[in-house]
Amino acid sequence: GENVEQHPSTLSVQEGDSAVIKCTYSDSASNYFPWYKQELGKGPQLIIDIRSNVGEKKDQRIAVTLNKTAKHFSLHITETQPEDSAVYFCAAGGGFKTIFGAGTRLFVKA
Amino acid sequence: GAGVSQSPSNKVTEKGKDVELRCDPISGHTALYWYRQRLGQGLEFLIYFQGNSAPDKSGLPSDRFSAERTGESVSTLTIQRTQQEDSAVYLCASSLALGVAGRKLFFGSGTQLSVL
């Protein structure tokens, strides 16, 4: 089955700096790669997603890249703000099953 | 409702007791998922429903875990003879399950289960 590895597990950046989170997946049949943000005491919320026929997608300060050959995908957050502090999960899906990475706890220091 | 609703939000039980967790998905969402999140860890897939059938039960940890869904609405996750290692947040999510747009999961806030 699918396995998703995510790193780093913790990331601390200064406000205004960029943050990058990287993931790898194992199942070449996966064709959908969402990213979720989880704030304390809440369920994860989708922030951006990318399909396998696209290499890059951007939404304001957030961008995702996908390298299908290497089975790598990454989340880039630019101009980080304190409210970006949360746990971020990458995931990989094919069909209706979505498998999540272990999460990255992002701290943005003011 | 406006979002996925889970109840109770917190449940404390004694080892060996049975517990039942409830999930109300977004109206019109045909797919429903249960995930388990241990403290500080990622989301562990448990089970998925399409309508009221469960084509994928591969993630259920043991036969003490079961889930059912009535039509395309409420789902209950039951854990029998709870053990301390069952302590976790149990998250429910729903999706449209139609094409790529259906892949977007909408999560509830979870049920925090503590087994003493």
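Every chain is numbered from 1, with letters handed out A, B, ... down the list of sequences. Scope of the values below: all heavy atoms of this structure, side chains included, with no hydrogens, waters or symmetry mates.
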Original post:
Under 4.5 Å between side-chain heavy atoms, hopping through other hydrophobics if needed: is there a path connecting I47(A) to V54(A)?
Top reply: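 In one cluster with I47(A): V54(A), yes.
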
Original post:
Considering only heavy atoms, which portion of P44(A) lies under 4.5 Å from any heavy atom of chain B: side chain, backbone, both, or neither?
Top reply: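 P44(A) touches chain B through backbone and side-chain heavy atoms alike.
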
Subject >> Heavy-atom contact with chain B under 4.5 Å, split by part of Q38(A) >> reply: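 For Q38(A), the contact with chain B is made by the side chain alone.
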
Should we count [atom1] of [X] as having more than 12 external heavy atoms under 6.0 Å?
X: Q14(A); atom1: CD; value: yes
X: K68(A); atom1: NZ; value: yes
X: E83(A); atom1: CD; value: yes
X: E15(A); atom1: CD; value: yes
X: L40(A); atom1: CG; value: no
X: E68(B); atom1: CD; value: no

Original post:
Counting distance only, does the side-chain N/O of Y48(B) pair as donor-acceptor with the main-chain N or O of T98(A) below 3.5 Å?
Top reply: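 It does not hold such a pair.
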
Subject >> For Y36(A) against L105(B), the heavy-atom pair lying closest together >> reply: OH-N, 2.9 Å

Original post:
Between Q37(B) and F89(A), which heavy-atom pair has the shortest distance, and what is it?
Top reply: NE2-CZ, 3.3 Å

**OP:** Could you look at S9(B) and say if it's the side chain, the backbone, both or neither that has a heavy atom under 4.5 Å from chain A?
**Re:**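 Neither; nothing under 4.5 Å.
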
Original post:
Which answer fits L91(B), side chain, backbone, both or neither, if we ask what part of it has an atom under 4.5 Å from a heavy atom of chain A?
Top reply: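 Side chain of L91(B) only, per the 4.5 Å heavy-atom cut-off to chain A.
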
Subject >> Ring-ring centroid check Y35(B) F100(A), cutoff 6.0 Å >> reply: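 Between Y35(B) and F100(A), the centre distance is under 6.0 Å.
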
Subject >> Check against side-chain contact (heavy atoms from CB on, under 4.5 Å), N31(A) and R103(B) >> reply: CA-CA 11 Å; N31(A) 56 12; R103(B) 304 244 185 106; 3.0 Å; yes

